[in-house]
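Everything below concerns the one structure shown next.
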Amino acid sequence: MQTLARKSLIVATVMAFAVPAFAQQAEPQMKHQDTEVYAPVPPTVTPGKTDADPPSDAIILFDGKNQDEWVSAQDHTPARWIVADGTLTVSKEHGVGNIETKKTFRDYQLHIEWKIPTTITGSDQARGNSGVFLASTGPGDAGYELQVLDNYNNKTYVNGEAGSIYKQAIPLATPSRKPGEWQTYDVVWTAPRFNGDGTLETPAFVTVFFNGVVVLNHFQVEGQTLFVGKPFYKAYDRAPIKLQAHGDKSEPISFRNIWVRELTFDPTYKK
Ligand code: MG
């Protein structure tokens, strides 16, 4: 017992000296200026009139007037969806299909608004199905789909709801509005990086606000979003953003106020 008591005393003595020594290491003689940096200076951006309006450095993808920024995803001919009353509506015409941006992107912030028509019919995945493909990597690829669907009183598999990364991420909430009301996605997309040999260096990450509610919080994407099978990555660099014509029998959905900001200023990213 005496030995144990002596050992305890030694340990206590060592700790009594060690703790202040460690604390001293963590707090050297620093001035507040030592942790303040003045470069690189972030760019000045003038915000929109409201948070839904494009800031000064945004690229406008649809402002209600025309679909000049879009092409057919299949053959890159001019987009042939329907522009009317300030909205861009999926065309049900046979063979028109998905559309994608002419421009390509890597990391970005995206704002997009969409509306399910009040005349919507169908159920499950066949009710207001569309999608925002955050990277459209080629006609033969599935791409990376942020699902668009009528989830107001419409049950489906939860990793296929509006606000999901299709069949990968269950949204953190279901803040769907009624058909006929405009809904918003505000997306932060960090594209995947690939090594020179095509293997994955870092996966994609995505954060999504759905009607102002966070539904994906820095979700680590597992790869392309497949209808059947497991997701996988395939190397790409920059990619268009694609909108889905799902081909449902019900009335098609509409989009408006689409803008994107490329995220090129990142003082922490070393690559
Ligand atoms: Mg879809």
Side-chain angles (χ1 to χ4, degrees), residues 61-62 70 72-74 79 81-82 87-101 110-117 119-177 179 181-187 189 204 206 208-211 215-216 219 221-232 239-256 258:
L61 296 177
F62 180 69
W70 301 83
S72 159
Q74 201 58 40
W81 282 16
I82 299 148
T87 68
L88 177 63
T89 299
V90 177
S91 171
K92 292 174 72 175
E93 189 185 329
H94 181 71
V96 172
N98 302 334
I99 61 171
E100 67 183 24
T101 56
L110 171 71
H111 176 89
I112 185 165
E113 302 179 14
W114 51 275
K115 184 174 75 171
I116 305 288
T119 50
I120 193 73
T121 56
S123 62
D124 200 340
Q125 289 286 307
R127 186 179 173 89
N129 195 329
S130 182
V132 181
F133 289 84
L134 303 169
S136 172
T137 52
D141 290 344
Y144 302 81
E145 184 183 10
L146 169 60
Q147 176 68 306
V148 170
L149 193 75
D150 178 19
N151 267 128
Y152 190 83
N153 293 334
N154 177 36
K155 199 168 174 57
T156 188
Y157 42 92
V158 290
N159 60 353
E161 282 194 9
S164 68
I165 293 300
Y166 184 68
K167 289 196 171 176
Q168 289 183 34
I170 302 167
L172 302 175
T174 307
S176 297
R177 293 193 172 115
E181 296 182 9
W182 284 100
Q183 318 208 48
T184 61
Y185 280 157
D186 286 286
V187 181
W189 171 253
V206 63
V208 176
F209 290 84
F210 178 10
N211 293 333
V215 291
L216 295 174
F219 174 72
V221 178
E222 296 163 13
Q224 298 193 30
T225 49
L226 306 179
F227 180 46
V228 180
K230 297 282 188 188
F232 63 90
I241 295 167
K242 183 169 73 179
L243 300 179
Q244 186 182 41
H246 195 261
D248 299 340
K249 290 198 176 90
S250 59
E251 284 302 302
I253 80 159
S254 300
F255 295 88
R256 74 175 183 188
I258 311 171

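Throughout, residue positions are numbered sequentially from 1 according to the sequence presented. Counting convention: from 1, in listed order, for ligands and their atoms alike.
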Apply ring pair (Phe, Tyr, Trp, His ring centres under 6.0 Å) to Phe210 and list each qualifying residue two or more places apart in sequence or on a separate chain. Trp114, Tyr185
Is Glu181 atom CD crowded by more than 12 heavy atoms from other residues, nucleotides or ligands, each under 6.0 Å away? yes
Contact check: Tyr166 to the Mg ion (ligand 1), N/O/S below 2.8 Å: no
Between Asn129 and the Mg ion (ligand 1), is there a contact where an N/O/S atom of the residue lies under 2.8 Å from the metal? yes
Looking just at side-chain N and O atoms, do Ser136 and Glu100 make a donor-acceptor pair shorter than 3.5 Å? yes
Answer key: the N, O or S atom of Glu145 nearest to the Mg ion (ligand 1) is OE2
Given OE1 of Gln147 on one side and OE1 of Gln244 on the other, what angle do they make at the Mg ion (ligand 1), to 10°? 150°
Please report the closest heavy-atom contact between Ser176 and Asn151, naming both atoms and the distance. OG-CB, 3.3 Å
